[in-house]
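See structure below.
As a basis for the values below, the full set of heavy atoms in this structure was taken, side chains included, without hydrogen atoms, waters or symmetry mates. Just so we're clear, the structure is a prediction, and the values are computed from it rather than from any experiment. Labels below follow one simple rule: chain letters A, B, ... track the order of the sequence lines, proteins then strands, and each chain is numbered from 1.
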Amino acid sequence: MSAPLTSGAAQAPATGVLARAPRAVPTRGGFPAALRAEATKLTAQLRAKLLLAACLVVPPVVVAGLAGQRPPSDTIYGRWVHESGYADSLLLLGFAAQWVLPLVASLVAGDTFAGEEAHGTWKTLLTRSVSRSHVFWAKCVLSAVVSLLALLLMAVSATVAGMLLVGTQPLVGLSGQTVGSTAALELVAASWALAAAPLLAMTAIALLLSARVRNPAVGVVGPVVIGLLMTLLGAVGGTHLLRRALPTTAFESWHGLFAAPAFTGPVWQGLLTCAVWTVVCLLLARVHLVRRDITGG
Amino acid sequence: MTMITKTASRSTAAGGPGTGWVKRADKATRRRRWQGLRPSAGAAVTGVIVLAGAAVLSVSGGQDVTQVKVQDSLQTSFANLWALQQTETGHPMRPTQVHPAATCDKGGPDVPDVGPGGDWICQMTWTGQTEPGKFELNVHANSCYTASGPGSKVGSFTVTDTDGREVTNPVYAFDVCMDADASA
């Protein structure tokens with residue numbers, strides 16, 4: 001009996017009291033409700049706003065600062081920062097990959113579960129008509145959105161700052177070849193886009209730490225330390241496949257795009273590695289969160 | 001406010017201090033007991049597995065950095081950059097006219113010529129340079145390297161271009177990335 005009523009309500013949503021009931025259900029519970037609640041909390045968070053603002057403001061300041069100095073020659077593309085604005089963008093990408101992007105990944109994600117712990121708000125949160133799983137995925141999705149948004153802002157800000165303050169001259173590639181202005185812009189965009197995969201992997205690591213350690217400070221600083229250690233491990237010679245199994249290695253997969261002939265092996269390896277890290281960390285975090293005893297604590 | 005109260009009371013009525021609660025607490029206690037038995041043992045096993053996996057990975061796979069790859073990439077890159085520098089300073093040249101020939105060695109005769117390190121030395125000749133110039137390479141684990149050319153043969157940090165501007169000398173020092181997956 002209820003089936004025709006529901007379908008009728010769906011077809012004609014404005015037919016009175018009966019019609020309102022089925023439409024009201026999804027707004028009260030489940031994943032969308034959890035997502036909305038988490039989004040509200042996130043938009044009220046000062047640190048999330050500061051993060052996004054910094055991603056927008058800092059790159060132009062750095063590019064402007066580089067203009068008056070002897071080029072930094074110890075990082076790839078450092079030598080070319082006065083010759084092409086694209087080099088500035090790539091220098092910032094290379095620099096950000098060391099610890100800035102892990103910090104971007106952990107600033108919100110590292111706090112998201114541990115923060116509930118610190119404020120003692122788990123019980124309040126779980127008395128709402130949403131499951132732990134809904135809360136978990138809502139927090140994961142929003143952490144990923146913040147990370148990707150920060151990366152996008154940083155990429156656009158760095159690239160536009162380079163193009164406006166230094167110029168759109170052709171770029172020297174990593175095989176010494178000259179890359180035309182348009183091709184360089186496309187490759188720069190692709191390079192920043194490739195950083196999304198390791199960034200999401202670092203976000204997943206931060207989420208796992210946040211869920212397990214239950215301390216916001218550890219959740220935020222931990223991934224930065226882990227990122228630095230992984231970068232260090234990847235920089236040690238003779239680690240062969242171990243190097244490729246680290247998510248931080250994927251932050252450098254763009255190098256191949258600027259070689260002639262270009263090679264994309266590291267790109268695919270990086271995507272695969274990061275996907276595995278992301279899935280494993282999220283599953284571990286979910287298992288831990290769903291099974292842990294919150295009510296008794 | 002009313003919505004919150006309603007939802008809270010409903011969830012209490014449905015799954016509050018009934019059987020579900022007891023079951024969950026039971027499960028938690030059992031788990032705590034299991035964890036309490038050997039908290040360090042679990043962590044130790046995980047640690048050993050991770051370390052063993054890392055050790056296996058770190059000895060698997062071929063060499064990313066080889067002598068042939070270093071020589072080939074140095075020749076290609078130098079030809080491109082030398083042609084660029086010559087063209088910038090008013091002597092138009094194509095990369096195919098440079099004809100570089102490099103011989104690279106890592107850490108002297110007693111060290112195998114594979115792997116990253118700051119002790120790669122390449123002797124290279126090219127069009128107009130019959131006496132080999134010494135290039136010092138710092139090869140990183142990511143298969144990229146920084147090559148520093150001999151100042152007497154390639155010029156200093158900047159060169160003066162045809163418009164009289166001081167521009168970065170492309171061959172004074174340059175970054176090259178090799179394909180770690182390529183054979184040879």
Side-chain angles (χ1 to χ4, degrees), chain A residues 28-29 33 70-71 73-83 87 124 126-130 172-178 233-246 249 251-266 268-269 291-297, chain B residues 3-4 6-12 14 16 21 24-25 27-29 31-32 53-65 73 76-84 95 115-117 139-144 146 157 167-182:
Chain A
R28 277 215 197 132
R70 195 184 156 95
S73 53
D74 53 349
T75 315
I76 280 190
Y77 277 113
R79 252 178 282 282
W80 296 108
V81 290
H82 294 172
E83 311 294 334
T124 319
L126 292 172
T127 50
R128 307 296 300 272
S129 55
V130 290
V172 171
L174 292 173
S175 296
Q177 84 283 21
T178 303
L233 191 60
V236 174
T239 48
H240 303 270
L241 288 183
L242 177 61
R243 184 173 193 283
R244 296 169 199 212
L246 298 171
T249 301
F251 277 128
E252 294 183 327
S253 66
W254 59 270
H255 290 165
L257 303 181
F258 285 85
F263 50 89
T264 50
W268 302 116
Q269 285 168 22
R291 288 172 61 187
R292 67 170 279 209
D293 176 25
I294 289 171
T295 45
Chain B
M3 243 190 73
I4 292 170
K6 231 189 269 170
T7 329
S9 67
R10 200 194 316 157
S11 83
T12 315
W21 174 282
R24 192 177 289 174
K27 243 170 143 185
T29 320
R31 200 165 54 249
R32 221 180 295 144
V56 168
L57 282 178
S58 68
V59 294
S60 323
Q63 277 289 350
D64 290 349
V65 178
S73 62
T76 311
S77 306
F78 181 78
N80 285 328
L81 293 168
W82 182 253
L84 175 67
V139 185
H140 307 292
N142 62 7
S143 297
C144 292
T146 307
F157 190 74
V167 295
T168 304
N169 181 357
V171 283
Y172 174 75
F174 49 95
D175 293 306
V176 178
C177 285
M178 301 175 283
D179 185 1
D181 299 321

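- Proximity to chain B (any heavy atom under 4.5 Å) is shown, for A/S175, by both the backbone and the side chain.
- For A/A245, the part sitting under 4.5 Å from any heavy atom of chain B is the side chain, from C-beta outward, and nothing else.
- Contacts of A/E252 with chain B are made by side-chain atoms alone, with heavy-atom separations under 4.5 Å and no backbone atom involved.
- Contacts of B/T168 with chain A are made by both backbone and side-chain atoms, with heavy-atom separations under 4.5 Å.
- At least one side-chain heavy atom of A/L174 sits under 4.5 Å from a side-chain heavy atom of B/D175.
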**OP:** For A/I76 and B/H140, run side chain to side chain contact (heavy atoms under 4.5 Å, CB included): C-alpha distance rounded to whole Å, both residues' side-chain angles, the deciding distance at 0.1 Å, then the answer.
**Re:** CA-CA 11 Å; A/I76 280 190; B/H140 307 292; over 6 Å; no
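- Residues satisfying the salt bridge (Lys or Arg N to Asp or Glu O under 4.0 Å) test with B/D179, not counting sequence neighbours, are none.
- Remark: A/F258 pairs with A/Y77, A/W254 by the ring pair (Phe, Tyr, Trp, His ring centres under 6.0 Å) rule, at least two apart or across chains.
- A/T75 touches chain B through its backbone: at least one of N, CA, C or O sits under 4.5 Å from a heavy atom, while the side chain does not.
- For chain A, no part of B/Y172 is nearby; none of its heavy atoms comes within less than 4.5 Å.
- Heavy atoms only, all atoms of each residue included: B/N80 and A/G176 are closest at CB-O, 3.1 Å.
- Looking at B/C144, only its side chain comes within 4.5 Å of chain A, counting heavy atoms on both sides.
- Of the two parts of B/A180, the backbone and the side chain both hold a non-hydrogen atom closer than 4.5 Å to a non-hydrogen atom of chain A.
- Closest non-hydrogen pair, A/G265 versus B/D181, comes out as CA-OD2, 3.7 Å.
- At a 4.5 Å heavy-atom cutoff, A/P261 makes no contact with chain B through either its backbone or its side chain.
- Of all heavy-atom pairs spanning A/G234 and B/A141, the tightest one is O-CB, 3.3 Å.
- Highest contact tally toward chain B, considering only A/R244, A/Q177, A/H255, is held by A/R244 [criterion: heavy-atom pairs under 4.5 Å].
- Across B/T76, B/V65, B/V139, B/V167, the residue that shares the most heavy-atom pairs under 4.5 angstrom with chain A is B/V167.
- Across all their heavy atoms, B/C177 and A/F263 have their closest contact at O-CE2, 4.0 Å.
- Using a 4.5 Å heavy-atom cutoff, the side chains of B/N142 and A/R243 are in contact.
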